[in-house]
Amino acid sequence: MTNNLKFFIDGAWVDPIARKTLDVINPATEEVFTSISIGAEGDVDRAVAAAKTAFVTFSLTTKAERLALLKRILEAYNERYEDIAQAVSREMGAPIAFARGSQAAAGRGHLEATIKAFEDFELEKPRGKAMIVREPIGVCALITPWNWPLNQIVCKVAPAIAAGCTMVLKPSEIAPISGVIFSEVMEAAGTPKGVYNMVQGTGPDVGQVMAGHADVDMVSFTGSTRAGIIVAKTAADTVKRVAQELGGKSPNIVLPDADLEEAVRAGVTSCFENSGQSCDAPTRMLVPADRHDEALAYARATAESFVTGDPQSEDTVLGPVVSKQQYEKIQRLIETGIAEGATLVAGGPGKPEGLERGYYVRPTVFGNVKNDMTIAREEIFGPVLSILPYADEDEAVSIANDTVYGLGAYVQSGSIEHARAIARRIRAGSVYLNYPDWDPMGPFGGYKQSGNGREYADWAIDDFLEIKGIVGWQP
């Protein structure tokens with residue numbers, strides 16, 4: 001028996017108030033592999049009420065008690081690690097090696113980083129004659145996406161627990177089974193009842209209800225900018241805090257002093273990771289105009305080397321994209337790139353040879369892209385890279401910043417000082433120099449229409465806290 005048709009509310013697995021189900025599709029086969037229940041307003045009310053009741057006591061727990069809980073969650077997570085990886089591979093098509101090494105690993109990494117950051121975190125300190133106290137904000141609505149399910153679930157749940165908040169999670173209905181398993185992890189860890197609740201459902205039926213609920217004090221949302229705007233407007237009526245991690249169109253500036261071949265090959269690989277389904281993927285590669293054709297040759301060779309296929313194969317590098325809707329959107333944008341005059345360097349419309357079943361996209365590279373083209377402006381969310389030539393560094397920075405987004409950016413240089421100087425000129429929440437390893441201790445979040453607030457480690461804990469000044473603490 002599984003809990004796929006149940007919600008986790010007030011420490012127990014419960015049936016929805018009204019039975020309504022949604023099929024979960026394996027994008028590699030286009031076939032249903034399980035179903036989930038879809039919640040509605042009454043289910044949200046139950047979950048929020050449980051969280052509100054639990055907040056009264058959980059908000060007063062000590063730092064040591066919450067650290068102990070986080071460590072138990074980490075232990076339980078590690079015990080279900082393979083189950084989590086298998087679920088992610090089936091629900092969103094992630095190659096199994098990637099599901100283990102990156103998708104499931106991200107959740108574990110956030111738990112470890114939150115524990116480390118919280119051990120040194122100050123919840124109160126004197127200032128003058130006042131005591132400055134950081135207190136949990138209250139009941140939190142956590143709304144997470146399908147593309148990095150465990151990454152986004154854990155980087156919200158873990159800091160909320162550290163802060164002393166209670167919560168209701170809505171995982172993506174497209175990739176929901178990893179959320180069920182994570183809820184089983186929270187149960188196995190002995191999370192006090194009502195502290196963590198999970199309701200499955202769609203954005204309109206559950207997400208918006210959570211965002212507008214009078215007893216929810218904060219919404220933490222990750223998803224598209226379009227959906228984020230709806231969430232923010234819905235939350236505004238009750239003046240609750242809204243933290244958002246939204247879309248991106250990240251530039252990757254390859255400076256003239258970089259090793260061009262190495263920078264281009266690594267840039268293609270980074271763009272295509274997770275089948276291009278990452279909000280901070282380096283999808284706009286900027287290269288010196290006088291080496292543009294050389295860059296295209298390296299990009300073509302790299303794209304054509306990718307093994308696309310069955311996610312259950314250990315040799316697969318690229319799996320399918322998550323859904324038919326996503327596949328069709330990517331196909332439209334590839335066709336638009338061709339129609340607007342970009343040079344098709346690799347890939348193109350249609351599916352890879354021999355993969356007629358499943359939502360597989362050909363690894364695609366465009367050259368001679370201008371920054372006013374649709375493929376340079378819109379978030380594609382697939383394995384599609386645009387390469388743009390630039391005349392000098394000032395133009396490169398100008399192109400990089402010429403976007404409504406500001407989530408991530410990348411700079412490649414043979415000189416770390418040079419890379420640092422360019423990074424300071426980029427309007428983005430994270431700038432990655434020379435393809436560094438992922439660091440869950442650094443802040444993550446965006447400028448402009450990529451959102452507000454910051455996630456990861458102590459940055460995220462801060463977002464779930466209120467600041468109280470107790471004036472006259474010292475007479």
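Thr316 is linked by a side-chain hydrogen bond (donor to acceptor under 3.5 Å, both in side chains) to nothing, counting only residues two or more places apart in sequence or in another chain. Residues passing the side-chain hydrogen bond (donor to acceptor under 3.5 Å, both in side chains) test with Lys329: none are found, sequence neighbours excluded. For Phe118, there are no ring pair (Phe, Tyr, Trp, His ring centres under 6.0 Å) partners two or more places apart in sequence or in a different chain. Under the side-chain hydrogen bond (donor to acceptor under 3.5 Å, both in side chains) criterion, Glu41 pairs with no residue at all, not counting sequence neighbours. Tyr359 pairs by the ring pair (Phe, Tyr, Trp, His ring centres under 6.0 Å) definition with nothing, not counting sequence neighbours. By the side-chain contact (heavy atoms from CB on, under 4.5 Å) test, Ile230 pairs with Gln208, Arg226, Thr234, sequence neighbours left out. Looking at residues two or more places apart in sequence or on another chain, you find no side-chain hydrogen bond (donor to acceptor under 3.5 Å, both in side chains) involving Lys20.
In this structure, Phe98 has its ring center under 6.0 Å from that of Trp148. With ring centers used as reference points, Trp146 lies under 6.0 Å from Phe381.
Contact of the Phe366 side chain with the Leu344 side chain is registered, since non-hydrogen atoms from C-beta on lie closer than 4.5 Å. Side-chain contact between Val133 and Glu466 is absent, with no heavy atoms from C-beta onward closer than 4.5 Å.
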Just list the side-chain donor-acceptor pairs under 3.5 Å for residues 101-113, sequence neighbours left out, or say none.
from: Gln103; atom 1: NE2; to: Asn147; atom 2: O; distance (Å): 3.0
from: Gln103; atom 1: NE2; to: Asn274; atom 2: OD1; distance (Å): 3.0
from: His110; atom 1: NE2; to: Asn151; atom 2: OD1; distance (Å): 2.8

May I have the list of side-chain donor-acceptor pairs in residues 172-180 shorter than 3.5 Å, sequence neighbours left out?
from: Ser172; atom 1: OG; to: Ile174; atom 2: N; distance (Å): 3.0
from: Glu173; atom 1: OE1; to: Lys170; atom 2: NZ; distance (Å): 3.2
from: Ser178; atom 1: OG; to: Glu91; atom 2: OE2; distance (Å): 2.6

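Partner Val168 forms a side-chain contact (heavy atoms from CB on, under 4.5 Å) with one of Arg46, Met198, Met210 and no other, that one being Met210.
The side-chain hydrogen bond (donor to acceptor under 3.5 Å, both in side chains) analysis of residues 154-166, with sequence neighbours excluded, yields the pairs Lys156-Ser220, Lys156-Thr222, Lys156-Glu455. The stretch residues 6-30 participates, sequence neighbours left out, in these ring-ring contact (aromatic ring centres under 6.0 Å, His included) pairs: Phe8-Trp13. Applying the side-chain hydrogen bond (donor to acceptor under 3.5 Å, both in side chains) test to pairs two or more places apart or on separate chains, those with a residue in residues 361-370 are Thr343-Asn368.
Neither side chain, Ser270 nor Tyr435, offers a donor N or O lying under 3.5 Å from an acceptor on the other. Side-chain contact of Ser250 with Asp280: a donor-acceptor pair under 3.5 Å is absent, judged by distance alone.
Rounding to the nearest 0.5 Å places CG of Leu123 at 6.5 Å from CG of Leu465.
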For Arg80 and Glu184, run salt bridge (charged side-chain N to carboxylate O under 4.0 Å, His left out): C-alpha distance rounded to whole Å, both residues' side-chain angles, the deciding distance at 0.1 Å, then the answer. CA-CA 9 Å; Arg80 298 295 303 276; Glu184 292 171 350; 2.9 Å; yes

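Taking the charged nitrogens against the carboxylate oxygens, Arg454 and Glu245 have no contact shorter than 4.0 Å, which rules out a salt bridge.
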